[in-house]
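Chain letters run A, B, ... following the sequence lines, proteins first and then strands; every chain starts at 1. As the structure is a prediction and not an experimental result, all values here were calculated from the model. All values below come from the heavy atoms of this structure, side chains included, with hydrogens, waters and symmetry mates left out.
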2 protein chains.
Amino acid sequence: MDDNRRHLLAKVAYLYYIQGRTQSQIATELNIYRTTISRMLQQARQQHIVTIQIEDFNPQLFNLEEKLKQRFNLKNAIIVPSDRVANNQQKNAALSKAAALYLKQIIKPHDTVGFAWGLVLAGMVGQLQHPTQTDATFVPLVGGPSPSNSQYHVNGIVYDAARQFGGHSLFVDAAAVQESKLIRDGIIGAKYFYEIKRRWQQLDIAFVGIGGPLSSKSSRWRDLLTDQDRQLLKEREAIGDCCCTFFDRHGKILNGDLSDRTIAIPLPHLQRVPNTVGVARSLTKVPSITATLKMGLLNTLITDEETAKQIMDAQ
Amino acid sequence: MDDNRRHLLAKVAYLYYIQGRTQSQIATELNIYRTTISRMLQQARQQHIVTIQIEDFNPQLFNLEEKLKQRFNLKNAIIVPSDRVANNQQKNAALSKAAALYLKQIIKPHDTVGFAWGLVLAGMVGQLQHPTQTDATFVPLVGGPSPSNSQYHVNGIVYDAARQFGGHSLFVDAAAVQESKLIRDGIIGAKYFYEIKRRWQQLDIAFVGIGGPLSSKSSRWRDLLTDQDRQLLKEREAIGDCCCTFFDRHGKILNGDLSDRTIAIPLPHLQRVPNTVGVARSLTKVPSITATLKMGLLNTLITDEETAKQIMDAQ
DNA sequence: TTAATAATTGCACAAATGTGTCTAAAAAGG
DNA sequence: CCTTTTTAGACACATTTGTGCAATTATTAA
């Protein structure tokens, strides 16, 4: 590569990229054939005589998204950059905002949108300045919390979402975990529950959180579990839950007495939903998020950088 | 400009410029209309989210070339970067090389190429590794030096050029300045000079140097001038010469006894040559180069950065 | 909230760019 | 110096990109 050639390539690149002339113009001016100019530009890029930089964009984050998508066969992955100095609350808020933005992006006028429990899901409400006005239906995917936790009711989430997006919402008037299979079956067999179940069959979008290990204290609904439940889950090596349904690290759903007493959309159901969006972050949740992904329940994951890195590194 | 929008633009720019995907692909992937992608890229460039840098290229030099071209109605201008630590010899060598490269670039198989005096012109010879093989004719545009300076004869330049480019050359067997108009007329009226004059009429390319003030010592041919010549030129405020013809700072050609005794192509002749290339540098020559440009004799100038800057600043 | 203002979509068409192939010319190497 | 290997020219054609415009949809401000 001659020095004059480098200079010529640089000049052509300058005229094209900086001055914005067309290749034809440059060709005429320099008495070089147009197609040659085209090839010269290729070469100039190859040899890094032309350098294109993009601000406000982290290619590593993008690559991480791509890898996640590929590894777990996802339709989409959204990774929020991790701010090293932020506390957990701020990190969760950032995730909530990203989730809200994504919902706004994908929602269509007459969609049916399901929500499960989740601190981050609850945080989504109120994050949007000008939500798209729709006529969508918002439906809980699980039962509610214990009476002492009523302000965090999943019904509250769908109600607020409906208000924001101009649609309407359905309620579940029962706690997520009942005392016996008999009662549970009674509730979900009752007439008023038909509409919920019907909606579960025709979800367009489902937003679900992912719960971490049992030892974690942050759950809003697990006070419904009995000591015996906890004991059993521990024995069967539960590492987390999604829609109030527990599974182990291999992604095996832990059916049994507890699941028989639980009011929630059956997890395999989620696979048929066009947009199943999991929203979760934090290092303690890495195993449960990974297991969920392995189960193939989700086709979109919204998480943060540090969590995503751990998920990929754990492979 | 929203933060999310910036990020979106950055992502689109990344996919397009770095990953090399087409706008259609990006549109499909992000569910955005293709033309919107096109407009997003425009915006990303405008807002400097995308930055394109070009190495080995000095935009200032380029702008200087453009300004020179525009100011003096030139077809071309070539400016060699000035190396602050180079001495005059090195600077002249760099200019010679650029001139040689340019000749190689524009010469065509059967061209007639004229050369005048000039240290830089003389330096052109031997600068090319693989000169284009032509069948061109090389012809002197002026007479030779005094006998004491015979190794710098203009005939030597054309002879060497012809050897390099595979063509042939014509000679002038007379000094540039004769003792009287009578002798001069005799020489240029002689039969053997017909061919030269004929060639002067059909030049395709002319390379000419530009001489600086009389006080300057670097000239190779001015020892032919008499004391009286010098006195007269001083009175008439000569600031330089081109092809052994002097002019003042306004570009007025100083006709008279001296010019009547000079064997050289008449300067106005140069205007009809398709490529008239002036090659000169140094700060002392700025006034004479400027005057030459104002006369409109040249359509191409090859000089260096420091000289070019002075020429433009002097305006 | 509504009205005004701005931005995006969707489309048709024009312009610009890229690529394969062949020929001609130029560098490189012996 | 001649031969081999690279590079550029020239062209046809396919692909990609840009632009004006009308209709729609967001966003802002009152």
- Query: Roughly how far apart are A:Phe207 CZ and A:Ile302 CD1, rounded to 0.5 Å?
  - Reply: 5.0 Å
- Message: If I take atom CD in residue A:Gln43 and atom P in nucleotide D:dT6, what distance separates them, rounded to the nearest angstrom?
- Response: 14 Å
- So do B:Arg45 and B:Gln42 actually touch side chain to side chain, heavy atoms under 4.5 Å? yes
- Message: Output the rounded distance in Å from CG (A:Leu9) to P (D:dT7).
- Response: 12 Å
- Query: Is the closest side-chain heavy-atom distance between A:Val208 and A:Val277 below 4.5 Å?
  - Reply: no
- Query: D:dT19, D:dT17, C:dG18: which one has an atom nearest the side-chain heavy atoms of A:Gln42?
  - Reply: C:dG18
- Item | A:Ile26 CD1 - C:dG18 P separation (whole Å) | 11 Å
- B:Asn31 CG to C:dG10 C1', in whole Å, measures 15 Å
- Message: In the structure I gave you, are the side-chain heavy atoms of A:Ile196 and A:Val139 within less than 4.5 Å of one another anywhere?
- Response: yes
- When every non-hydrogen atom of A:Pro140 is compared with those of A:Asn155, the smallest separation belongs to CG-OD1, 3.6 Å
- Task: Find which nucleotide of DNA chain D each of B:Gln23 and A:Lys104 is nearest to by heavy atoms, and output the residue with the more 5' nucleotide.
- Result: B:Gln23
- Message: Any carboxylate oxygen within less than 4.0 angstrom of a Lys/Arg side-chain nitrogen, looking at A:Lys69 and A:Glu65?
- Response: no
- Message: From CD of A:Gln46 over to P of D:dT7, roughly how many Å is that when rounded to an integer?
- Response: 12 Å
- Nucleic acid contacts - residues 32-41 of chain A versus DNA chain C, non-hydrogen atoms under 4.0 Å: A:Arg34, A:Thr35, A:Ser38, A:Arg39
